[in-house]
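Following: one structure in structure tokens, then a few remarks.
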Amino acid sequence: MERDDLVQDHKYSISANHDEAHGVEIRKKIWKVTGILTLITVVEVLIGAFIKQYDETGGDNALWPYVKIGFLVLTVVKAAYIVLVFMHLGDERKSFKWVILAPYILFILYLIFICLTESSYWHEVFQGADSINP
Amino acid sequence: MAGHSENISRSELWGGDGSPFRISYGKQWMWMFLVSDALTFGGLLTAYGFARHSAPSWPIGEETFNAMPFLGSGYPLLYVALMTFILIVSSVTMVLAVEAAHRLDKKGVIKWLFLTVIGGFFFVGSQAWEWYHFIHGSHFGSILTSQGWAVVDINEANEMILRMGRGLTIVGAEATTLYENATASMQGANLIENEYAPLVPQYANFFFFITGFHGFHVFSGVVFNLIILINVVKGVYDKRGHYEMVEKVGLYWHFVDLVWVFVFTFFYLL
């Protein structure tokens, strides 16, 4: 039986071995991404610690919706660095990259959309003007 | 027409030589597994979002998770930020192990993979502490006052402080009066009730299920890394001529880190 776990003739670009000079370059990129990921985490914690969801009277902080969007953007940036650099998906063939990413992104966006729509309805039922709660 | 394929030049055909994705079978299917696993986590987190968005109230992350081991409470989000940092660092040591593997540098792989395993153990241990603290509860627990449920705490001046939700607090004599006339109390968390969100018991259920499922993944990842580390030390991959197994467990390990990035955002930050 032919074994395809044996890497021959640099057939797989990612699995191909590299020399020390190339290694220095790759390690430089790894440390750069490490710095970015750490910095984003520190920024997230600082925002979380200093910007409050509610003001002193218990009302909504007008800034909070933007903070929420900011958190989501930072999270997606972190995720992209992990997937594209640490998991090397950015270095794989374009066809493979989209075989992995496209179905997932499409499905998850759809799932988030229907769940948010449905839960908004239930929120209205429980807390809205015509709430079923007395 | 069928049966005439031998007339077509091999250079026009794929010919079955190598993968069209230029990726080995094992790595390709590790990715497929990770996509399906990511859908499971995506489903769990979306269900969490659903419950949270339709619930009347929800606890504030930095009030619920403000404790540090050995130091007590008053450190909002610091411990979980440390956990996140540990997991990111162990992800970095894993990339460095994969990089060393591409240079067939056995010593380098052993060093970085060993550090990755250590980082993984630290994370699992941190999560165990986090669970212990979540189940055990805050120092004073929650009470039912005439103004609704409140989490009891003391401030720097040693006065009683009641957290009424939505960031509102009642301090001093008024708090003491409410405390003395409380009609019910609870401390800690289980699958039926929890002091952090007395009106939404599913809060603790989601916490246990999602962080538990993630913790189980981390634990499995540590076991996989350990097995591969033993194989590296024994020279299994030297004989094989390449260290692709390090890369495959590396993919799984980065995925675990990736999921935590999302759990961190949705459970602690938002």
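Every chain is numbered from 1, with letters handed out A, B, ... down the list of sequences.
- Note that CZ of A/Phe113 is 14.0 Å distant from OG1 of B/Thr46, once rounded to the nearest 0.5 Å.
- Here B/Val92 is the residue among B/Val259, B/Val35, B/Val92 with the most heavy-atom pairs under 4.5 Å with chain A.
- Heavy atoms of A/Ile108 lying under 4.5 Å from chain B belong exclusively to its side chain.
- Taking the six-membered ring where tryptophan is involved, the planes of B/His254 and A/Phe86 are tilted, since the angle between them lies from 30° to 60°.
- Scanning all heavy atoms of the two residues, the minimum distance from B/Phe21 to A/Val99 falls at CZ-CG2, 3.8 Å.
- Chosen from A/Leu37, A/Ile47, A/Leu101, A/Leu89, the residue pairing most often with chain B at heavy-atom distances under 4.5 Å is A/Leu89.
- Here the OH-CZ distance, from B/Tyr268 to A/Phe71, works out to 14.5 Å after rounding to the nearest 0.5 Å.
- When B/Thr84, B/Thr265, B/Leu258 are each tested for a side-chain contact (heavy atoms from CB on, under 4.5 Å) with A/Lys78, only one passes: B/Thr84.
- Residue with the most contacts toward chain B among A/Val33, A/Thr34, A/Leu74, A/Val42: A/Thr34 (heavy-atom pairs, distance under 4.5 Å).
- Most heavy-atom pairs under 4.5 Å with chain B: of the set A/His123, A/Met87, A/Lys52, A/Lys68, this distinction falls to A/Met87.
- Annotation: maximal heavy-atom pairing with chain B below 4.5 Å, among A/Ala49, A/Ser120, A/Pro103, occurs at A/Ser120.
- The shortest side-chain heavy-atom distance between B/Gln28 and A/Phe96 falls under the 4.5 Å cut-off.
- For A/Leu111, the parts lying near chain B are the backbone and the side chain together; criterion is any non-hydrogen pair under 4.5 Å.
- Note that CH2 of A/Trp31 is 5.0 Å distant from CG of B/Leu96, once rounded to the nearest 0.5 Å.
- For chain A, the nearby part of B/Leu104 is the side chain; its heavy atoms alone come within less than 4.5 Å.
- Distance OG1/A/Thr41 to CG/B/Leu82: 11.5 Å, rounded to 0.5 Å.
- Summarising the geometry, atom CG belonging to B/Leu87 is positioned 8.5 Å from atom CD1 belonging to A/Ile82; distances are rounded to the nearest 0.5 Å.
- For the pair B/Leu270 and A/Trp64, the tightest heavy-atom approach, listed with the atom from each and the gap, is C-CZ2, 4.3 Å.
- Counting heavy-atom pairs closer than 4.5 Å to chain A, the top residue among B/Leu269, B/Leu34, B/Leu251 is B/Leu269.
- Heavy-atom contacts from other residues, nucleotides or ligands closer than 6.0 Å to CZ of B/Phe33 number more than 12.
- Residue contact with chain B, scored on non-hydrogen atoms closer than 4.5 Å, is absent for A/Val67.
- Among the candidates A/Glu20, A/His22, A/Lys97, A/Lys94, the residue making the largest number of heavy-atom pairs closer than 4.5 Å to chain B is A/Glu20.
- Between A/Leu116 and B/His53, some side-chain heavy-atom pair lies under the 4.5 Å cut-off.
- With a 4.5 Å cut-off on non-hydrogen atoms, A/Gln53 touches chain B through its side chain but not through its backbone.
- With a 4.5 Å cut-off on non-hydrogen atoms, B/Ala100 does not touch chain A at all.
- When side chains are defined from C-beta on, B/Val95 does not count as touching A/Val85, because their heavy atoms never get closer than 4.5 Å.
- If you measure heavy-atom distances from B/Phe266 to chain A, the contacts under 4.5 Å come from the side chain alone.
- Only the side chain of A/Ile30 comes within contact range of chain B, judged by heavy atoms closer than 4.5 Å.
- Here the closest heavy-atom approach between residue B/Ser54 and residue A/Ser119 is recorded as CB-O, 3.6 Å.
- The minimum heavy-atom distance linking A/Phe107 with B/Leu39 is given by the pair CD2-CD2, 3.4 Å.
- In this structure, chain A has a heavy atom under 4.5 Å from the side chain of B/Leu168, while its backbone stays farther away.
- In terms of heavy-atom proximity, A/Cys115 sits nearest to B/Phe50 at O-CD1, 3.4 Å.
- Summarising the geometry, atom NE2 belonging to A/His88 is positioned 9.0 Å from atom CD belonging to B/Glu99; distances are rounded to the nearest 0.5 Å.
- Residue A/Ile26 touches chain B through its side chain alone, counting heavy-atom pairs closer than 4.5 Å.
- For B/Phe255, the parts lying near chain A are the backbone and the side chain together; criterion is any non-hydrogen pair under 4.5 Å.
- Neither the backbone nor the side chain of B/Leu45 comes within less than 4.5 Å of any heavy atom in chain A.
- Shown here is B/Phe209, whose CZ atom has no more than 12 heavy atoms of other residues, nucleotides or ligands within 6.0 Å.
- Residues B/Lys27 and A/Glu92 form a side-chain contact, since some pair of their non-hydrogen atoms from C-beta on lies under 4.5 Å apart.
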